[in-house]
Each structure stands twice: as C-alpha cells, then as structure tokens.
Amino acid sequence: MDAILPTHADVDKLHRRSRRRRRCCFACLAVSLLLGVTLLVLFLTVLRVRDPTTRLTSSKVIGFDLGPGPGLQFNITMLLTVDVHNPNRASFSYESGSAELWYRGVLVAVAGVDPGRIPSRGDGDMELTMQVLSGSFGAELPQLAKDMASGAVPLDASARVPGKVGLLGGVLKLRAVAYSDCHVIFGVPEMEVRSQVCQDHTKL
C-alpha cells in the first residue's frame, strides 16, 4: 500500500498551527512577565509596610491615694495619651492590645488597648488607663523614693497591638502586629513626661 504524502495545503496548515502556538506561548510569557513586574512594583511601593511612630503626648494623674501606715504607700491612676502616626498607604485596624510599664526592670503596671483604626498616612490617638501601686515596686521602692526626691523617675513602656493592614482600599488585608518600646523620664512634681525615646516596628 502506497504512503500518502502530505500536500502543500497540509504543510501550510501545520506551519500556521505552529506559528499560533508560538504566538500563544510568547503572549503568555509576556503576560506573566508583566504581571511579575506589576507585583514587584506593588510590593516595593504599596505593600512595603513602614514602621509607625508613637509619642506619648499626655500623661495625667486622675487618681491618687496615700496608703495608711508608715513608709511610702500609694495608689496612682494615670491616663496616658499616645499619638500614633501611620506613614503607610494602608490603613491599620487594630484589635485589643496590651501595654506594660516597667521601673528599673520591675513590672509595675499593665493596661489594655481598646480596638481602633488609624487611617493611611494619618494619625490616631490611643488612651491607656494605668493603675500603679506602691507594692508593685517591691525591693525597688526605696530607689523610687530617691528618684522622686531627685525630681526624675525613669520608666520603660512597651506595647503590643495586633491588627490588620488594609491594602488597595481594603480589598487585601494582611495580619500585622505593631510593637512599641519607649524609655521615658517622668518629671516630679510636675507629673509630666520630660523626655522620651521610642523604637517602633511592625511585624507581618
């Protein structure tokens, strides 16, 4: 039986199919490359989360009681206002967080952070109510008395606030945790912050 040889029309049809396949491959490659470049630019601009900055703007003593008996005994309730600046193109909606106050390595107060939202490239305030008891200072209480007599009390404050970063108008949301650590010099008797140095960072 004789073999059937392909005609010129069949050969042309095969060439056209081959060219169409190559064009589809090139088109897919170009789209993939364009998508990759777009995602890279998006990551380097919009998705690049920069650390927020925090500053303790106000500290008020809203309650003060002296304990009975000899020695230094007190119960202080403080209202702290923290200003948070969000430099990112994304908003940050945060859940309930926590803040701690330390004196010379001793934990003396803990406060909760209520949920809230900080807009993109905007500012927001957090208010913290802390109750400081003299008994929390333990063996450092005599040193506290000396610092108060000198007019300057060194304190360390740390906060951990979990939440979500809303990107592309809230379409894309990423889990994030904002951390803040501040060293504060608290003035006595004016009961105000004299100086502070804060380090802030965000972890996705």
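Small disclaimer: the values here were computed from a predicted structure and weren't measured. Numbering starts at 1 and runs along the sequence shown.
Rounded to the nearest 0.5 Å, atoms OG (Ser134) and CG (Asn75) are 8.0 Å apart. In this structure, NZ in Lys164 is found 6.0 Å from NZ in Lys173, a value given to the nearest 0.5 Å. Rounding to the nearest 0.5 angstrom, the gap separating the OG atom in Ser120 from the CZ atom in Arg89 is 9.5 Å. Taken from CG in Asp83 to NE2 in His85, the straight-line distance is 9.0 Å, to the nearest 0.5 Å. Separating the CD1 atom in Ile118 from the OG atom in Ser93 is a distance of 9.0 Å, to the nearest 0.5 Å. Here the NE2 atom belonging to His183 is positioned 11.5 Å from the CD atom belonging to Gln199, to the nearest 0.5 angstrom.
A salt bridge is defined here as a Lys NZ or Arg NE, NH1 or NH2 lying under 4.0 Å from an Asp or Glu carboxylate O, and Arg104 with Asp147 meets this definition. Using a cut-off of 4.0 Å between Lys/Arg side-chain N and Asp/Glu carboxylate O, Glu95 and Arg175 are scored as salt-bridged.
Of all non-hydrogen atoms in Gly187 and Arg194, the two that sit nearest each other are CA-NE, 3.4 Å. Pairing each heavy atom of Thr202 with each of Ala176, the nearest pair is CG2-CB, 4.0 Å. Contact record, Pro52 with Pro87: CA-CD, 3.8 Å, taken as the closest heavy-atom pair. Scanning both residues, Asp181 and Ser158, for their nearest heavy atoms gives OD1-CB, 3.2 Å. The two residues Ala109 and Val132 come nearest to each other via the heavy atoms CB-CG2, 4.0 Å. The two residues Val113 and Ser98 come nearest to each other via the heavy atoms CG2-N, 4.0 Å.
In this structure, the side chain of Thr57 engages the main chain of Thr81 through a donor-acceptor pair within 3.5 Å. No side-chain donor-acceptor contact under 3.5 Å links Asn88 to the backbone of Ala90. The backbone N or O of Phe137 lies less than 3.5 Å from no partner atom in the side chain of Tyr103, so there is not a single donor-acceptor pair.
A single hydrophobic cluster is not seen to contain both Leu128 and Val177; linkage of ILVMFWY side chains at heavy-atom distances under 4.5 Å, directly or through other members, places them apart. A chain of hydrophobic side-chain contacts below 4.5 Å, direct or via other Ile, Leu, Val, Met, Phe, Trp or Tyr residues, connects Ile76 to Phe186. A continuous path of ILVMFWY side-chain contacts below 4.5 Å connects Val188 to Leu141, so both sit in one hydrophobic cluster. Under the 4.5 Å side-chain heavy-atom criterion for Ile, Leu, Val, Met, Phe, Trp and Tyr, Leu133 and Leu80 are members of distinct hydrophobic clusters. Residues Tyr179 and Met126 are members of separate hydrophobic clusters, defined by side-chain heavy-atom contacts under 4.5 angstrom among Ile, Leu, Val, Met, Phe, Trp and Tyr.
Here Trp102 is tied into one hydrophobic group with Leu107, Val110, each link being a pair of ILVMFWY side chains closer than 4.5 Å.
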>> If you apply the rule side-chain contact (heavy atoms from CB on, under 4.5 Å), what do you find for Leu144 with Phe74, and how did you get there?
In response: CA-CA 12 Å; Leu144 174 65; Phe74 59 82; 3.7 Å; yes
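Applying side-chain contact (heavy atoms from CB on, under 4.5 Å) to Cys182 and the options Thr54, Leu155, Val197, Val82 leaves one that passes, Thr54.
A side-chain N or O of Asp200 and one of Ser180 form a donor-acceptor pair less than 3.5 Å apart.
Considering only heavy atoms from C-beta on, Thr77 comes within 4.5 Å of Thr129 through its side chain. Val153 places a side-chain heavy atom less than 4.5 Å from the side chain of Met148.
Within 6.0 Å of CZ on Arg55 lie no more than 12 heavy atoms contributed by other residues, nucleotides or ligands.
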